[in-house]
Amino acid sequence: MNKAKKAIAERVPDIDVVIEMLDARLPASSANPMLAQLTRGKRALKILNKQDLADPQVTRLWLDHYNAQPNTRALALDAGDRAPTQKLITACRDLVPARGGLDKPLRVLICGIPNVGKSTLINTMTGRRAAKTGNEPGITKAQQRILLADDFELFDTPGMLWPKILVEEGGYNLAASGAIGRNAMDEEDVSLMLLNYLMRRYADALCQRYKLASIEGLQDIDVLEAIGRKRGAMLPGGRVNIQKAAEVVLTDFRAGATGRMTLERPEEWTEWLKTAREREARRQAEREAREKEKQGKKTAE
Ligand code: G4P
């Protein structure tokens, strides 16, 4: 078990609420399935962070989606929020009204994939008011206890390793957001997948950003080339520098320069997940069939 997983597994039995920070532009893709496994049955608060970059209407859909789940609350935040602590404490108290007071402090674990904005939020919340008491005996060194109120303890966890990414679209969305390192996936592929989605959902904003007359009937690669041309990303001989164009698209998206956009909706995710699971089951069946055939051959020999 890796360090972060172990730290979470050790802490979970004493925890009242598990906060998972998600990227509001890709809530489902930025959730860590390993965390769901480790914290099954616990009350959950989903924070849709970086809401300033996400499509507000789709954020609403996601909030409704999570709030409809048992023992779950969701709230949207961003680094500009002036009172995140109060919102977070109120949501957690709502989830576990029976706890609170000095004899029964509320114990909350906060997790999130790297780059989701966890340090930024914790720094905003701690400010001068809270005490950091990391490295106390009995607590895994990698964890940190933060007192947000006299009877409210927040345990910070280190970043968790990625489990295998099952949903292909989710992998691309993570890469588009910048959560997966630059070298992990081909930037051109990532920008094409991103454009493909934006062309369907945010065509007007895309045209406006890159001063394109219309993208109707165009393929993603045509749009990427058009963006490259508009931005002067050219190679000698008049060809478009596709790598440069891809960087422009990704940098703009990550900074929110293309507009407030979200890369997945609850019902889309359900479909993607279903397809991915079916594909995985098919692969598994094929693997087993191959294995059986091999065994059969061995026995015959
Ligand atoms: P982490 O601890 O979860 O790994 O994330 P961290 O707080 O370091 O934040 C990762 C990046 O996301 C930082 O940008 C941070 O400024 C940015 N960020 C955090 N919260 C928000 C938010 O609500 N909205 C937006 N738009 N951005 C947010 P960076 O480019 O890595 O660093 P810098 O901008 O701080 O220099």
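For ligands, and for the atoms within them, numbers begin at 1 and follow the listed sequence.
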Just to confirm, does any protein heavy atom lie below 4.0 Å from [atom]?
atom	answer
atom 29 (P) of ligand 1	no
atom 36 (O) of ligand 1	no
atom 21 (C) of ligand 1	yes
atom 26 (N) of ligand 1	yes
atom 32 (O) of ligand 1	no

Heavy atom of the protein closest to [atom] (residue, atom name, distance):
atom	answer
atom 4 (O) of ligand 1	N115 N, 2.7 Å
atom 7 (O) of ligand 1	T120 OG1, 2.5 Å
atom 24 (N) of ligand 1	D52 OD1, 2.9 Å

Heavy-atom pair of closest approach, residues [X] and [Y]:
X	Y	value
A246	S191	CB-OG, 3.3 Å
L273	V167	CD1-CG2, 3.6 Å
K118	M21	CA-SD, 3.5 Å
L235	V240	CD1-O, 3.8 Å

Within reach of ligand 1, part of N49 (heavy-atom separation under 4.0 Å): side chain
Check each atom of ligand 1 against the heavy atoms of [X] and keep those under 4.0 Å away; list them by number with element.
X	value
L53	26 (N)
D78	23 (O)
A79	20 (N), 21 (C), 22 (C), 23 (O)
P114	4 (O)

Distance-only side-chain donor-acceptor flag, D55 / Y202, under 3.5 Å: yes
Check: Y66/E20 side-chain N/O donor and acceptor closer than 3.5 Å: no
Closest candidate by heavy atom, reference atom 18 (N) of ligand 1, pool K118, K50, R254, Q51: K50
Options G117, S177, S119, ranked by nearest heavy atom to atom 2 (O) of ligand 1, top entry: S119
D252 side chain reached by R231 side chain, heavy atoms, under 4.5 Å: yes
Identified salt bridge (Lys or Arg N to Asp or Glu O under 4.0 Å) counterpart of D151 within the set R93, R99, R107: R93
With F253, the side-chain contact (heavy atoms from CB on, under 4.5 Å) member among L263, V248, L195: L263
Audit row: Q51, L77, side chain to side chain contact (heavy atoms under 4.5 Å, CB included) steps and yes/no: CA-CA 6 Å; Q51 68 156 343; L77 276 185; 5.6 Å; no
